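These notes concern the structure reproduced below.
Note that the coordinates shown come from a computational prediction; the quantities given were computed from them, not determined experimentally.
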Amino acid sequence: MSAPAITPVFVRLKLSLLRNGLRQSGGRKAAYITSAVFALLFAALQLIGLIALRGHAHAESVVVLAVAVLGLGWAVMPLFFPSGDETLDPTRLVMLPLRPRPLVRALLTASLVGIGPLFTLCLLVGSVVAVARGGAAFAVGAVAVVLALLVCVALARAVAAANVRLLTSRKGRDLAVLSGLVIAIGAQIVNFGAQRLGASGLGELDPAAEVLQWVPPASAIGAVHAVSEGSYGPAVAQLALSAGALVALLALWSRHLTRLMTSPDGSTLPSAESAAKERSSTGLARLLPAGRTGTVMDRSLRYVWRDPKTKAAWVTSLAIGLIVPVFNAWQGTGSVYFACFAAGMLGIQMYNQFGQDTSAFWMVAMTISSARDAYVELRARAYALLLITLPYATLVTVLTTAMLGDWRRLPEALGLSFALLGAMLATGAWTSARFPYSIPQEGYKNVAPGQTGLAWISIFGGMMAAALLCAPVIALTIWLNVSADGDDWTWLLLPAGTAYGAVLTAAGLKLAAPRTARRLPEILAAVSKG
């Protein structure tokens, strides 16, 4: 007697998961419906736009790149949003007597149910309409749409299966927090790419499209254009590439499923050797000062490396602080003063110092009994930040100056960066004591409910105060640049800005220390709220 088909069962299971998820709360239902409406509306507008592109000289380049980016999105989304689809975790099925091939077929079919596949289908159909000319091209387009859609879904499933142990662990949740970095960097790249296309036209896309038309799933759309041009040999090769990629992804997915369902999970059990090595390794701690200062610096640096929210904030600041000045310099529209953006982005990390500790701040509070203790605590945190920020801001400034070839302004740019950094350290220390707020450890929110106003006052109020504190250095820079003999003295801005920043930092720490010691109960209550 043959085994019953499991594909319909998995499709019904997927629909049941969606339906039951919406029943959990009205807020979740509203969020899902709203996101679905916006996604489908965007898909419809995108479909209309691609159809309107039909007949354009560079239509093929646009659609090939769009499908390539779409495939990349399907590949990375399981890594950054592992909780978006409960069926991405096949380890929940390990106790069932299921063979890999029927399971792959059932999961692949169930994966076609949802907003993501529908959005992808709209983009693929629009891409085919944009480049297809003639009955043969549309016939190939029908095959291309199916192939490209299956490649995208299989790619997501293979990536998820290969990393499912990571995605369902604490490290996987840490990785999901870094999705903000991808969004931030992607927004900057799209911004600069749009500026370049606006200046040069869609012809700039042709070289990249010529390469990507041979990379699945974009190769399937490239085959449609090839048939429209009468190039049947390249079209067959491009369709074969997409089909081969689908077969390879399904085989890889099946292999990982077999391994997942037949081997124990040891991903969260470190070996005794690695654990002993971690315990015996002191690393940077041996180079830090002795006493409380070194201990606090070591703790702060460990937060940067291990805490998901702190790590995400630092990596995002490091990336954007480099992208903005370097990309502008690369386009020839930047200025050496844009390098101050790096110091500004990293200086923000000084704000809400105690909120980064969350409820664990009570252990720190137990060690603070005087303004002196609070001063040493804040000073050590500032030292830990400077350990990363000073060399990084210097590197970004030198790199930006080298790309622009404006070496004469390097001293003043460094002086301004160091003065800005000192001002932000000073205001950050004070606002950390005056306007602390909690950072939730779970989810994507960076402010606990009810504390948004505190966060705005702390960050944006502190940044405005830092800008005002930098006014003397900014005024001196302007005066030397407009003065007749000022060019001979601009080098003084480097030592002047450095000294001014150091004075501001010391003054800010001195002012914040007594307030921190007095307000320990209020700070503890505020940072423990989330």
Side-chain angles (χ1 to χ4, degrees), residues 5-47 50 66-93 102-128 142 144-164 167-168 172 176 179 182-183 216-217 220 242 245-246 249-250 253 256-257 444:
I6 63 174
T7 300
V9 176
F10 273 76
V11 173
R12 291 195 300 270
L13 175 62
K14 180 66 175 288
L15 293 173
S16 297
L17 287 172
L18 290 175
R19 183 175 59 255
N20 294 336
L22 296 178
R23 288 177 176 175
Q24 291 182 4
S25 66
R28 180 167 181 174
K29 180 184 295 185
Y32 182 84
I33 294 175
T34 302
S35 62
V37 169
F38 277 104
L40 294 177
L41 179 61
F42 183 72
L45 294 175
Q46 187 174 242
L47 176 61
L50 289 172
V67 175
V69 171
L70 182 69
L72 179 62
W74 274 93
V76 301
M77 281 303 173
L79 297 177
F80 291 115
F81 299 99
S83 60
D85 184 356
E86 291 85 349
T87 62
L88 284 175
D89 185 5
T91 57
R92 301 181 180 186
L93 308 173
L103 182 60
V104 166
R105 184 167 57 249
L107 287 174
L108 181 64
T109 305
S111 299
L112 297 175
V113 178
I115 300 174
L118 181 58
F119 178 88
T120 303
L121 181 63
C122 291
L123 188 144
L124 293 173
V125 170
S127 300
V128 169
V145 167
V146 175
L147 270 179
L149 178 60
L150 291 178
V151 167
C152 288
V153 176
L155 178 60
R157 285 290 182 171
V159 171
N163 297 278
V164 69
L167 298 179
T168 55
S179 59
V182 175
I183 295 172
S242 294
L246 177 60
L249 288 171
L250 292 177
W253 183 12
H256 284 297
L257 279 178
Y444 300 97

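- For Leu155 against Ala75, the heavy-atom pair with the smallest separation is CD2-CB, 3.6 Å.
- For the atom pair CG (Leu250) and CZ (Arg105), the distance works out to 11.0 Å, reported to the nearest 0.5 Å.
- Nearest heavy atoms, Ser111 versus Arg157: OG-NE, 2.6 Å.
- When all heavy atoms of Ala39 and Ile115 are compared, the closest pair comes out as CB-CG2, 3.7 Å.
- With hydrogens and angles ignored, the 3.5 Å screen pairs a side-chain donor or acceptor of Ser242 with a backbone N or O of Ala220.
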Please tabulate, for the side chains in residues 5-13, all donor-acceptor contacts under 3.5 angstrom to protein atoms that are two or more places apart in sequence or on a different chain.
none

Using atom types as modelled, flag every donor-acceptor pair under 3.5 Å from a side chain in residues 116-128 to any protein atom, sequence neighbours excluded.
unit_1: Thr120; atom_1: OG1; unit_2: Trp74; atom_2: NE1; d: 2.9
unit_1: Thr120; atom_1: OG1; unit_2: Gly116; atom_2: O; d: 2.9
unit_1: Ser127; atom_1: OG; unit_2: Leu123; atom_2: O; d: 2.8

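- The CH2 atom of Trp253 sits 5.0 Å away from atom CG of Leu108, with the distance rounded to the nearest 0.5 Å.
- Closest non-hydrogen pair, Cys152 versus Pro217, comes out as SG-CG, 3.9 Å.
- Listed by chain and residue number, Leu41 satisfy the side-chain contact (heavy atoms from CB on, under 4.5 Å) test with Leu45 (two or more places apart in sequence, or in another chain).
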